[in-house]
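None of the values given here were measured: they were computed from a predicted structure.
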Amino acid sequence: MIRFDILTLFPEMFASVLGESILKRAVQAGLIEVRLFDFRDWAEGRHRQVDDVPYGGGDGMVLKPEPLFAAIRAVRAEGPESPVTLLTPQGRRLDQALVQELAARPRLILVCGRYAGVDERVRRHLVDEELSIGDYVLSGGELPALVVIEAVARLLPGVLGNQDSAAADSFPRRLEAPQYTRPLEFEGHAVPEVLVSGHHEAIRRWRKKESLRRTLERRPDLLEKYPPEGEEAALLEELAGEPGRG
Ligand code: 4HQ
């Protein structure tokens with residue numbers, strides 16, 4: 001069981017994703033718990049203001065330190081000790097290795113910023129780690145937090161049901177081979193014959209080769225990082241001998 005404590009100005013953004021499919025079942029089965037905190041509840045004054053103009057001028061609003069400090073302290077105080085994680089494009093990039101690290105924790109406290117970001121004092125004096133889901137700009141940390149929840153949850157025992165958990169665990173070193181299902185012919189396009197041949201060894205080899213072909217075309221960096229050996233090396237030779245496209 002992992003507990004996710006989410007601090008956000010938009011707690012309602014989480015309901016639809018957590019209310020469907022795998023995550024819904026994980027919550028129902030008590031495999032994960034997601035608690036949502038609207039940090040506006042910790043804002044003072046008649047307007048419950050959570051943001052303000054940047055000192056020195058500039059575009060956008062900055063999240064004020066007081067409500068975030070109060071909210072994070074209150075949330076942190078209940079339950080097991082846990083680092084506080086801020087979702088930001090300036091953070092450590094999320095990959096499957098980091099997802100595995102996060103999945104080993106009992107609790108994650110995820111802070112979702114908005115607007116031009118948080119006052120630097122939140123980052124410096126309250127946040128323990130910063131995490132990015134990739135090099136693109138979103139409008140808030142809510143979707144990144146949901147990405148973290150989903151990626152982490154599916155590694156927990158029992159969440160995926162049937163699937164091989166070892167396979168779910170690590171990012172594959174090769175891209176997947178093409179997959180087909182019925183019908184055998186669709187709008188004149190047939191399924192590769194080998195897949196309906198019943199020849200298991202031929203199918204295994206075909207998949208391995210097509211997986212390599214895709215990896216070579218789209219993710220040659222994976223071949224550098226995890227060099228082919230044995231059968232893979234031989235299949236790569238075959239690919240190199242094929243007449244190219246274009
Ligand atoms: N944000 N990975 C929140 C992101 C982001 C990302 C932009 C985070 C706006 C306020 N977060 N700020 N990419 O784009 O984590």
- Message: Quick test of your reading of the model: are D5 and R76 salt-bridged, counting only N-O distances below 4.0 Å?
- Response: no

- Apply side chain to side chain contact (heavy atoms under 4.5 Å, CB included) to I203 and L195, showing your working. CA-CA 6 Å; I203 293 169; L195 294 179; 3.9 Å; yes

- Listed partners of D59 passing side chain to side chain donor-acceptor pair (under 3.5 Å), at least two apart: none

- E210 and salt bridge (charged side-chain N to carboxylate O under 4.0 Å, His left out): which partner among R213, K208, R207? R213

- What are the two closest heavy atoms between F39 and C112, and how far apart are they? CE2-O, 3.8 Å

- Atom pair CZ (R219) and CD (E224), whose distance is rounded to the nearest 0.5 Å: 12.0 Å

- Does the distance from a Lys or Arg side-chain N to an Asp or Glu carboxylate O, for E101 and R92, drop under 4.0 Å? yes

- Query: Rounded to the nearest 0.5 Å, how far does NZ of K24 lie from CD1 of I22?
  - Reply: 12.5 Å

- Task: Verify side chain to side chain contact (heavy atoms under 4.5 Å, CB included) between M13 and L143, making sure each step is shown before the conclusion.
- Result: CA-CA 8 Å; M13 283 184 70; L143 292 173; 4.3 Å; yes

- Query: If you take all heavy atoms of P183 and V191, which pair is closest and at what distance?
  - Reply: O-CG2, 3.9 Å

- Sequence neighbours left out, what passes side chain to side chain donor-acceptor pair (under 3.5 Å) with R121? Give chain and number order. D119

- Item | Under 3.5 Å donor-acceptor, S211 side chain and R174 backbone | no

- Task: In plain terms, say whether E130 and R123 are close enough for a salt bridge, that is, a side-chain N and a carboxylate O under 4.0 Å apart.
- Result: yes

- Query: Hey, quick one: are L146 and L9 part of the same hydrophobic cluster, counting side-chain heavy atoms closer than 4.5 Å, chains of contacts allowed?
  - Reply: yes

- Check for a donor-acceptor pair, side chain of R40 on one end and backbone N or O of R48 on the other, with a separation under 3.5 Å. yes

- Between R173 and L222, does a side chain to side chain contact (heavy atoms under 4.5 Å, CB included) hold up when you go through it step by step? CA-CA 6 Å; R173 296 173 169 214; L222 291 174; 5.9 Å; no

- Message: If hydrophobic clusters are built by linking Ile, Leu, Val, Met, Phe, Trp and Tyr wherever their side-chain heavy atoms come under 4.5 Å apart, do V62 and L86 end up in the same one?
- Response: no

- Query: Got more than 12 heavy atoms from elsewhere within 6.0 Å of CD, E44?
  - Reply: no

- Item | Any donor-acceptor N/O pair, R107 side chain to P80 backbone, under 3.5 Å | yes

- Message: Quick check on E201: does its CD atom have over 12 non-hydrogen neighbours (other residues, nucleotides or ligands) under 6.0 Å away?
- Response: yes

- Query: Does E78 CD have over 12 foreign heavy atoms under 6.0 Å away?
  - Reply: yes

- Message: Any non-hydrogen side-chain atom of L126 less than 4.5 Å from a side-chain atom of V84?
- Response: no

- Query: Mind checking whether T88 and V118 have side chains closer than 4.5 Å, heavy atoms only?
  - Reply: no

- Taking atom CD of E229 as the centre, report whether more than 12 heavy atoms of other residues, nucleotides or ligands fall under 6.0 Å from it. no

- Query: Is there a salt bridge (charged side-chain N to carboxylate O under 4.0 Å, His left out) between E238 and R205 once you walk through the steps?
  - Reply: CA-CA 12 Å; E238 282 186 29; R205 217 181 103 88; 2.6 Å; yes

- Item | Shared hydrophobic cluster, L23 / M1 (ILVMFWY, side-chain heavy atoms < 4.5 Å) | no

- Task: Check the hydrophobic clustering (I, L, V, M, F, W, Y; side-chain heavy atoms under 4.5 Å; chains of links allowed) and say if I72 and V50 are grouped together.
- Result: yes

- Message: With a 3.5 Å distance limit and no angle check, can you tell me whether R3 reaches the backbone of E33 through a side-chain donor-acceptor pair?
- Response: no

- Task: Verify the neighbour count for atom CD of E193: are there more than 12 heavy atoms of other residues, nucleotides or ligands below 6.0 Å?
- Result: no

- Query: When clusters are formed from ILVMFWY side-chain contacts under 4.5 Å, directly or step by step, what else is grouped with L239?
  - Reply: L212, L216, L223, L235, L236

- Nearest atoms (heavy-atom pairs only) where S16 meets E20: O-CG, 3.3 Å

- Query: What's the shortest heavy-atom distance between P11 and L36, and which atoms?
  - Reply: O-CD1, 3.7 Å

- Tightest non-hydrogen contact, residues R214 and L175, listed as O-CD1, 3.7 Å

- Task: Would you indicate whether E242, at its atom CD, is surrounded by more than 12 heavy atoms from other residues, nucleotides or ligands within a distance under 6.0 Å?
- Result: yes

- Query: Does V111 reach the side chain of L68, with side-chain heavy atoms less than 4.5 Å apart?
  - Reply: yes

- If two hydrophobic side chains count as joined below 4.5 Å and joins carry through other members, does Y136 share a cluster with L131? yes

- Item | Interatomic spacing from CG in L110 to CG in L7 - rounded to 0.5 Å | 8.5 Å

- Query: Do other residues, nucleotides or ligands put more than 12 heavy atoms under 6.0 Å from the NE2 atom of H200?
  - Reply: no

- Task: Check the surroundings of atom CD in Q100: do more than 12 heavy atoms from other residues, nucleotides or ligands lie under 6.0 Å from it?
- Result: yes

- Item | Gap separating the CZ atom of R73 from the CH2 atom of W42, nearest 0.5 angstrom | 13.5 Å

- Message: Is any side-chain heavy atom of L138 closer than 4.5 Å to one of I133?
- Response: yes

- Item | Spatial distance of atom CZ (F4) from atom CZ (R105) [nearest 0.5 Å] | 11.0 Å

- Note on the structure: For R25 and V159 the tightest heavy-atom approach is NH1-O, 4.0 Å

- E142/R114 under side chain to side chain contact (heavy atoms under 4.5 Å, CB included): CA gap, chis, key distance, verdict: CA-CA 9 Å; E142 286 79 11; R114 276 270 148 180; 2.9 Å; yes

- Item | Separation of I32 CD1 from L156 CG (nearest 0.5 Å) | 7.5 Å

